[in-house]
Amino acid sequence: MRLILVASPQFDIENLSQFFDEEHTSWRLSSTATQAENLIEFAGRICYMSFGQNQSSKPNSEYIRHLIEMGHESVLEHATWTFLLAGVSRAFTHQLVRHRVGFSFSQLSQQYHDETQTEFIEPTGLSHYPRAREIWKSTVENTRIAYQNILAILDEASDAKDSLLNPRELRRAIRSAARSVLPNATETKIVVTANARGIRHFLKVRGTIPGDLEMRQVAAALLSEVGKQAPSLFADFRIEQLGDGPIIRHSPTNV
Ligand SMILES: Cc1cc2nc3c(=O)[nH]c(=O)nc-3n(C[C@H](O)[C@H](O)[C@H](O)COP(=O)(O)OP(=O)(O)OC[C@H]3O[C@@H](n4cnc5c(N)ncnc54)[C@H](O)[C@@H]3O)c2cc1C
């Protein structure tokens, strides 16, 4: 599994200087806050215009902690990250894309992409059970052969007769038929953009399930990345190690 961060929040404080001048106020930024954290603090402060004399001495980390404690989490939606996930199974991404709120997805298409050379993502724990692993390996390889054979037969048949479909749609139809035999383990790639509120929800409901190792691995990789980018937004989450891999622990009191 690979999780590669490809975009993260940038906060342009310079662009706000005219705004603060016009409002006859100013904002004291915390020296250690990251771009994402400044962005969230700024959005929160706009709600109450708590700048200048109205700004308390709370540092950014406490300000964000307070937002989360109060449940004012819509402010967290302004910080978004984009990452590439590769080497994950279609079973995993089927679960991931159920997250409708605060997430955007662009996934490798099995209709436009030939899956002949696809890899299959082996469930990690299987290596302890050689017989089960053998069955798994031969089964996924058989699906590859079935995929190739179905493609070849339908290709040949379509050459032989006039199709109602144009070549592009014909290819889509043929690959659609062939892909139907590919298993949940089929490798996929997906670009995900998610905001901090959505990521927090995902970590809580998905990263904490002991029996779902692939999900836990992705959740931990995600938390590692966004935790570096905005520690205050994820201070109530931590990664622990179980025997087989990482798991997310959530402690609301540690916000
Ligand atoms: C342990 C576990 C087992 C699961 N088992 C199954 C299963 O057997 N079958 C299955 O189909 N799915 C299953 N799921 C998936 C689950 O039902 C959700 O689809 C998935 O976790 C996304 O969560 P969500 O809807 O909270 O996230 P999002 O879609 O991102 O929504 C985030 C939050 O927004 C609010 N929200 C979103 N949409 C609405 C809406 N239409 N109306 C009101 N509020 C809304 C809710 O507060 C929601 O929690 C399981 C999930 C878990 C964690």
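Start at 1 and go down the list; that is how both ligands and their atoms are numbered.
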Student: Under 4.0 Å from atom 35 (C) of ligand 1, is there any protein heavy atom?
Tutor: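 When distances to the protein are checked, atom 35 (C) of ligand 1 has no heavy atom within 4.0 Å.
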Student: Which one of Q110, Q107, E115 satisfies the side chain to side chain donor-acceptor pair (under 3.5 Å) criterion with T188?
Tutor: Q107
Student: Quick test of your reading of the model: are R131 and E134 salt-bridged, counting only N-O distances below 4.0 Å?
Tutor: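 A salt bridge links R131 with E134.
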Student: Between H99 and R206, is there a side-chain donor-acceptor contact under 3.5 Å, judged purely by atom types and distance?
Tutor: yes
Student: Can you find a protein heavy atom closer to atom 28 (P) of ligand 1 than 4.0 Å?
Tutor: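 It does: a protein heavy atom is found less than 4.0 Å away from atom 28 (P) of ligand 1.
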Student: Does the protein put a heavy atom under 4.0 Å from atom 45 (C) of ligand 1?
Tutor: no
Student: Test of understanding: given a 4.0 Å heavy-atom threshold, classify the contact between Q95 and ligand 1 as side chain, backbone, both, or neither.
Tutor: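 Q95 to ligand 1: no contact under 4.0 Å from either part.
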Student: Please determine if R45 forms a cation-pi arrangement with Y63, meaning its NZ or CZ atom is less than 6.0 Å from the six-membered ring centre and no more than 45° off the ring axis.
Tutor: yes
Student: Need the ligand 1 atom indices (1-based, order shown) with element for anything under 4.0 Å from a heavy-atom of V205.
Tutor: 53 (C)
Student: Suppose I only count heavy atoms of I209 and a 4.0 Å limit; which atoms of ligand 1 are within that range?
Tutor: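 Close to I209: 1 (C), 53 (C).
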Student: Quick one: nearest non-hydrogen protein atom to atom 31 (O) of ligand 1, plus distance?
Tutor: V101 CG2, 3.5 Å
Student: Identify, for atom 26 (O) of ligand 1, the protein heavy atom at the shortest distance, and state residue, atom and that distance.
Tutor: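 Looking at atom 26 (O) of ligand 1, the protein heavy atom closest to it is H201 NE2, 2.7 Å.
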Student: Check whether any protein heavy atom sits under 4.0 Å from atom 24 (P) of ligand 1.
Tutor: yes
Student: Please write down residue, atom name and distance for the protein heavy atom closest to atom 51 (C) of ligand 1.
Tutor: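 Ranking protein heavy atoms by distance from atom 51 (C) of ligand 1, first comes R206 NH1, 3.6 Å.
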Student: When you measure from atom 3 (C) of ligand 1 to the protein, is at least one non-hydrogen atom found at a distance under 4.0 Å?
Tutor: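 No.
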Student: Excluding sequence neighbours, so at least two apart, what forms salt bridge (Lys or Arg N to Asp or Glu O under 4.0 Å) with D244?
Tutor: R216
Student: Kindly indicate whether atom 9 (N) of ligand 1 is approached by any protein heavy atom to under 4.0 angstrom.
Tutor: no
Student: Does the pair D155/R171 count as a salt bridge with the N-to-O cut at 4.0 Å?
Tutor: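 Salt bridge flag = yes for R171 with D155.
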Student: State whether any protein heavy atom lies less than 4.0 Å from atom 19 (O) of ligand 1.
Tutor: yes
Student: Under 4.0 Å from atom 15 (C) of ligand 1, can you find at least one protein heavy atom?
Tutor: yes
Student: Does a donor on one side chain and an acceptor on the other come within less than 3.5 Å for Q111 and S176?
Tutor: yes
Student: Parallel under 30°, tilted from 30 to 60°, perpendicular over 60°: which one fits the rings of F51 and F20?
Tutor: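 Perpendicular, since the angle between the ring planes exceeds 60°.
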Student: Any donor-acceptor pair under 3.5 Å linking the side-chain atoms of R28 with those of S57?
Tutor: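 S57 vs R28: no donor-acceptor pair found between side chains.
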Student: Hey, does T82 have a side-chain heavy atom less than 4.5 Å from the side chain of V191?
Tutor: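 Sidechains of T82 and V191: in contact.
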Student: Where is the nearest protein heavy atom to atom 17 (O) of ligand 1: which residue, which atom, and how far?
Tutor: R98 NH2, 4.1 Å
Student: Which protein non-hydrogen atom lies closest to atom 41 (N) of ligand 1, naming both residue and atom, and how far is it?
Tutor: R100 NH1, 3.9 Å
